[in-house]
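Only heavy atoms go into these numbers, but all of them, side chains included; no hydrogens, no water, no symmetry mates. Throughout, a chain's letter reflects where its sequence line sits, starting with A, and its residues are numbered from 1. The model shown is predicted, which means the values in this text are computed figures rather than measured ones.
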Amino acid sequence: MKLAKIYDPTLYETDIYALWEQSGAFSPSGKGRPFSLVVPPPNANGNLHMGHALSFSVQDIAARYHRLKGERVVFVPGADHAGFETQVVFERALEKQGKSRFDYSREVLYNQIFDFVDRNRDNFQTQIRKLGASVDWSRYTFSLDPKVVKQAYATFKQMWQEGLIYRGERLVNFCTFHGTAFADIEVDYQEEQGHLWKIRYTLSDGSGELVVATTRPETMLGDTAVAVNPKDERYKAMIGKTLKLPLTQREIPIIADDYVDVNFGTGAVKITPAHDPNDYQIAERHDLPFVTVIGFDGKLVHSVPKAFRGLSVLEGREAVLKQLEQEGLLVGDEELTHNVGHCYKCGTVIEPLLKEQWFIDIKPLADNALQAIREGKIEFLPQAKQTQLERYLETIRDWNISRQIVWGIPIPAFQNEEDPDDWIYDERVDQEVITLNNKHYRRDADVFDTWFSSSSWPYTTLGYPDESDFKEFYPLSLMESGFDLLYPWISRMIMLGLYVTGGIPFSKVYLHGMITDAQGRKMSKSIGNVTDPMETIASFGSDALRIGVISGQTPGNNQPYVEAKVIGGRNFINKLWNIARFTEGLVENFDQTEAKAVSAADHWILLQYAKTKTSYVEHMDNYRFSEAFETIYHFLWNDLADWYIEASKIEPNPTLLAELLRGSLPLVHPFAPFVSETIWQTLELRQDSLLINQPFIDLPMGNEKDALQFEKIKNLVSEVRSLLTATKAKKVKLYYHNEPVVASFATIINQLGGTIGVEEAEAGRGIALTGSGFSCWLDIDQESIDRYAAHLEDLISVEQKRTKQLQERLNNPNYVKLAPKELVDQTSSQLTEAEQTLEKLLEEKIRFAPRR
RNA sequence: GGGCGCUUAGCUCAGCUGGCUAGAGCGCUUGCUUUACACGCAAGAAGUCGGGGGUUCAAGUCCCUCAGCGCCCACCA
């Protein structure tokens, strides 16, 4: 035996992967149509988690399936520098050494992080190999590779020239701990218990006062107005007057704006344009000045009154409140639940701060994307995500692409040292100052938002615009990603793809849900509920993990990680292995491939194979991987192993069995690549070939008539087994009368049914079989017959119910009139069948009514 | 406040364009040393498809409504 008694994945997986990789099987080949997908690049610095396992599984199943279909598959791997994410991890490492990023120059820090990431590269690539991802390593792209940077610059330049990029001082979401701004969608909002304080402001002319309500009293130092609703009778008379801003000597106007809600708070809102997005908008409308009170370090700035200078936001709040109280201006304090934005990494409260940044005027891009999506150029799985994306694009706001970190692509823009408004585009970002026409320009200290460059992923990885990959494989056939990236990544790939290449970046998007723990909670280190896919692979094998995450999986829905499903996968692999072992024991020569169906079982299994393959292909083509797997799972386990192999023990057809194995392995391969290839190689199912790039195999078609005969025998066997179990009868003979089919299958029936003989009889002996359409009897003993009577009652009531249902359906004239004819015909033949069975059962009942 | 989803067996979930006795895996019950497999074999039990209404010959599937759960976006200072 070449196949070991037990399949131990750890003994084979590494070698099998190396075999594929070295043979060049991962590169596109042949003359089929192109099929392309590009891996959403995981963070180069991190370990792969369960979500990656799912994502790679979905992609690899698609890739392998299309490869087996003979298509030219390109499956491009990559890694993301994940700017901010990685810098944070690195800073933590520095912290452990008692250092911080401020101890190094930008260049030194960048190089250190580069080395740090580079050191982790092997680990990261090993993990992808362990998952069995059939990616083409020769096309591996890192998101800081020159071609990616080059493309980011080209796009930035083009947008700048076309006026789609502007530099402006806006309120940005700023983390004062990490010292960088974020895009709107990167801010993590949490509901919190806070206070609504009420503060009295008096009118400058002494004619009265009003009370404002605020959750952030410290920002009052930057107030430049108080707004009221123009319809609010309480304040109508005050509009246009000025107030004396407490704690400072400034005078600020009372303005009217519809934004103010009459029913909230006091109906009077202090306006701090430099520290609140809504106030910012009001200030724009009313041409109010901007007064900054909080700095980028999170402390109150020098221009605030001396008492508050240098205090943190919270200290400042306390101090301001205390002062107000002393002056008798604090007139209320209510509890309030409100949403507060936090840095998604460190939890620091995000401060809206005024900062000059580069923005993309997103509306024109979003409109193009919307049009393409509405025209149905991109198919979404699940479909509902399309609607969600459309809503997002309809309301999208300009995109801040500047980040104040070092780990990223430097923005190729320089500012005239003498004229702050003079910005030029230049790619000499390795120099801090450049000279042009005798003018000195200083490099922008910022780098691009990682998503800006990674949004070009579909075409930069393929070598836009000139390389043959781009020409052949763009747009991608499939983009697979977690649905959490719908806005930050998918939407931007569509927008930038259309903008840069003029075409959609991919024609299909498959969005998987999040993998949670068994209780449906997010996996997180702090809860300690994380399952490491590498550990699962070590325990159960890569194939088992893949089956575990894919079974029952549908796009768009979260799914818990359930180890039982992985174990189920492992058990299936064991089954497959043993099917192969049984086959190996029977087959002398795997080279012989001219299989012929001889027995009814042969015809039956071939027909089952053909049906399985048809439905498998349909599911696969529609990305219903879980269902496709179920199809092949049940074919192998229930049809092939439970029936055909059992029948083979009596009437073997080794050549056909070998062909069935050969034909099944490609169908299993996308789901269990390692074990299927291991079997293929070990048994040398085809000389000098790899399963990974075998085309799907057509087996001869089974004859329906013979197949049906086996189906009947199968039913007979099932009925025999069922009756034997119900009656607990032992050592029973099956008799038949004038049934040539039963006679010819006597050995199989006897063996599979578990009887001690199948013999011809002149007349009925024992209890009659009622379900399988043969004149057969089980010769059971008297004691068992009493149990049979009870069992009969169950069977009768089932059959009566069924008969009644069918009758009712046929008694409905509208059904007969309106339903398709095939359906009606089917119903009536079912009724006939059910009635016959019922009749037989009732006859049996009369014969074996329990004696009272 | 707006949007999107989910609710099907004890558990985790499938169920594609409405159609035949609603499925799977795990778990459960009963019985098996059947020489490929106990990671197994055989036989079973278990669901008023969240509630209500409607459309239809026919609804888990389509429409309306209510309830519970979840996610996303916006946000009342």
Taking only nitrogen or oxygen atoms into account, show me every contact under 3.5 Å that the protein makes with nucleotides 24-33 of chain B, one pair per line with its distance.
from   : atom 1 : to     : atom 2 : distance (Å)
B/rA24 : O3'    : A/H634 : NE2    : 3.2

If you take all heavy atoms of A/D258 and A/N229, which pair is closest and at what distance?
O-ND2, 3.6 Å
With sequence neighbours left out, what residues match A/F483 under ring pair (Phe, Tyr, Trp, His ring centres under 6.0 Å)?
none
For a quick check of understanding: with a heavy-atom distance under 4.0 Å over all strands, which category does A/T215 fall into, base, sugar-phosphate or nothing?
sugar-phosphate
Looking for any heavy atom pair under 4.0 Å, which part of the strands does A/Y392 touch: base, sugar-phosphate only, or nothing?
nothing
Quick check: any donor-acceptor pair below 3.5 Å linking the side-chain of A/Q559 to the base of B/rA14?
no
Every protein N/O within reach of nucleotides 2-4 of chain B N/O, cut-off under 3.5 Å:
from  : atom 1 : to     : atom 2 : distance (Å)
B/rC4 : O2'    : A/Q388 : OE1    : 3.0

Distances for protein N or O near nucleotides 44-48 of chain B N or O, under 3.5 Å:
from   : atom 1 : to     : atom 2 : distance (Å)
B/rG44 : OP1    : A/S722 : OG     : 2.8

Would you write the dot-bracket representation of RNA chain B, where each base gets (, ), [, ], | or . depending on whether it forms a Watson-Crick or G-U pair under 3.5 Å and with which partner?
(((((((..((((.....[...)))).(((((.......))))).....(((((..]....))))))))))))....
Can you check whether A/N557 has a side-chain N or O nearer than 4.0 Å to OP1 or OP2 of B/rA14?
yes
Restricting both atoms to N or O, compile the protein contacts to nucleotides 55-58 of chain B shorter than 3.5 Å, with distance only.
from   : atom 1 : to     : atom 2 : distance (Å)
B/rC57 : O2'    : A/N812 : ND2    : 2.7

Please confirm whether the shortest side-chain N or O distance from A/R581 to OP1 or OP2 of B/rG40 is below 4.0 Å.
no
Under 4.0 Å between any heavy atoms, over every strand shown, what does A/Q830 touch: base, sugar-phosphate, or nothing? Just pick one.
base
